[in-house]
Amino acid sequence: MRQLLAGLLCCWSFGTVAEAPVAIAVHGGAGTITRDNMSPEQEAAYRTAMDQAVSSGYAALQRGESGIDVVVAVIKLLEDSPLFNAGHGAVLTWDGHHELDASIMSGSDLAAGAVAGAKSIKNPIEAARAVMLASPHVLLSGQGADAFAEMQGLEIVPNRYFTTPRRLKALERYKSAQVEKPADSKFGTVGVVVLDREGNLAAGTSTGGMTGKRWGRVGDAPLIGAGTYADNSSCAVSATGHGEFFIRWQVASDICARVKYTGVTLRAAADAVIQEVLVPEGGEGGVVAIDAAGSVAMVFNTEGMYRASIDREGNKVLGIYKNVVPD
Ligand code: ASP
């Protein structure tokens with residue numbers, strides 16, 4: 001039925017059928033990201049990685065691949081890059097290990113899957129999709145998540161595979177500063193939202209969480225409604241930031257609910273939640289979001305957010321720092 005509707009939405013123009021629009025937005029984390037604390041080489045590396053991610057995702061959407069598969073493929077690219085706090089390059093826990101969180105949601109049927117505290121799944125976003133498609137559950141945690149991923153034939157790696165020198169240093173700094181907030185206050189989570197050819201929205205998020213986390217702490221990224229949400233009747237959202245705030249204020253689902261029930265634009269809904277709700281509470285971070293018409297919003301209240309999008313007209317935006325003119 002949805003496919004039929006999407007087909008009907010295609011319009012005749014000059015004897016040819018115009019293809020339904022596709023669009024994508026990607027984030028690579030938000031935080032204290034300023035020109036002063038980035039070298040030109042680092043900046044170029046992030047821009048290249050974000051460009052590759054958004055361009056490959058857009059090309060796959062144009063080929064007609066499903067939104068869910070595109071979200072997984074793009075997040076996998078970013079999980080495999082040491083630049084981001086997801087998969088290889090994830091931050092370390094207080095005990096010097098990695099505990100990975102990821103989730104995915106399909107806007108056509110509200111199907112969702114997630115893993116939390118996974119220690120050996122090379123690409124946690126693949127495990128999130130497997131939970132959605134091959135289990136009766138939404139969220140698997142810890143050893144159970146690892147065991148399920150192995151049973152599903154996903155690639156299993158030793159925990160040290162995820163470690164990089166940069167994250168070891170960040171943990172040392174965190175421990176010596178003895179502060180609750182990470183010393184390296186660049187969150188670095190990755191997330192993708194898409195509108196596919198069938199008119200379906202999808203969202204996914206993957207993270208190592210926050211440096212020095214303890215006691216099995218789980219953030220917003222694997223929690224549907226907090227860090228990830230997708231519903232064809234409103235929007236798709238992926239968040240990054242201080243998870244405890246995103247959980248309590250249900251950031252992703254609040255943005256979609258505002259779009260659905262109040263009729264405000266996606267941009268207005270995202271601005272309201274990120275700037276007007278979170279800022280007074282001290283909740284730092286941002287979101288990428290997309291609606292059923294292919295409008296994109298990339299909103300954050302930190303110094304910067306690695307971000308990239310290609311909208312329904314094919315316009316590409318790449319950004320790192322706070323803009324005078326919003327994206
Ligand atoms: N939101 C993630 C968490 O709290 C961190 C991040 O976005 O980098 O676990």
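All ligand and atom numbering here is 1-based and tracks the order in the structure.
- Under the 4.5 Å side-chain heavy-atom criterion for Ile, Leu, Val, Met, Phe, Trp and Tyr, I75 and V72 are members of the same hydrophobic cluster.
- V131 and I104 are not part of a single hydrophobic cluster, where members link through side-chain heavy atoms under 4.5 Å apart.
- Annotation: R217 places an N or O atom under 3.5 Å from an N or O atom of ligand 1; distance criterion only.
- By the criterion of side-chain heavy atoms lying less than 4.5 angstrom apart, applied directly or through intervening Ile, Leu, Val, Met, Phe, Trp or Tyr residues, V287 is grouped together with F245 in one hydrophobic cluster.
- Interface of T240 with ligand 1, defined as ligand atoms under 4.0 Å from a residue heavy atom, comprises 6 (C), 7 (O), 8 (O).
- Crowding of E43 atom CD: a count of heavy atoms from other residues, nucleotides or ligands under 6.0 Å exceeding 12.
- Set against the non-hydrogen atoms of M210, the atoms of ligand 1 under 4.0 Å away are 4 (O).
- Using a cut-off of 4.0 Å between Lys/Arg side-chain N and Asp/Glu carboxylate O, R217 and E244 are scored as salt-bridged.
- Residue T189 has at least one N or O atom closer than 3.5 Å to an N or O atom of ligand 1.
- Interface of G209 with ligand 1, defined as ligand atoms under 4.0 Å from a residue heavy atom, comprises 5 (C), 9 (O).
- Counting only non-hydrogen atoms, the option in I247, T207, N85, D220 that gets closest to atom 3 (C) of ligand 1 is D220.
- Between G243 and ligand 1, a contact under 3.5 Å exists for at least one N or O pair.
- Ion pairing of K76 with D80 is absent here, as no side-chain N (NZ or NE/NH1/NH2) approaches a carboxylate O to less than 4.0 Å.
- Within the set G28, G188, G241, A86, the minimum heavy-atom distance to atom 5 (C) of ligand 1 is found for G241.
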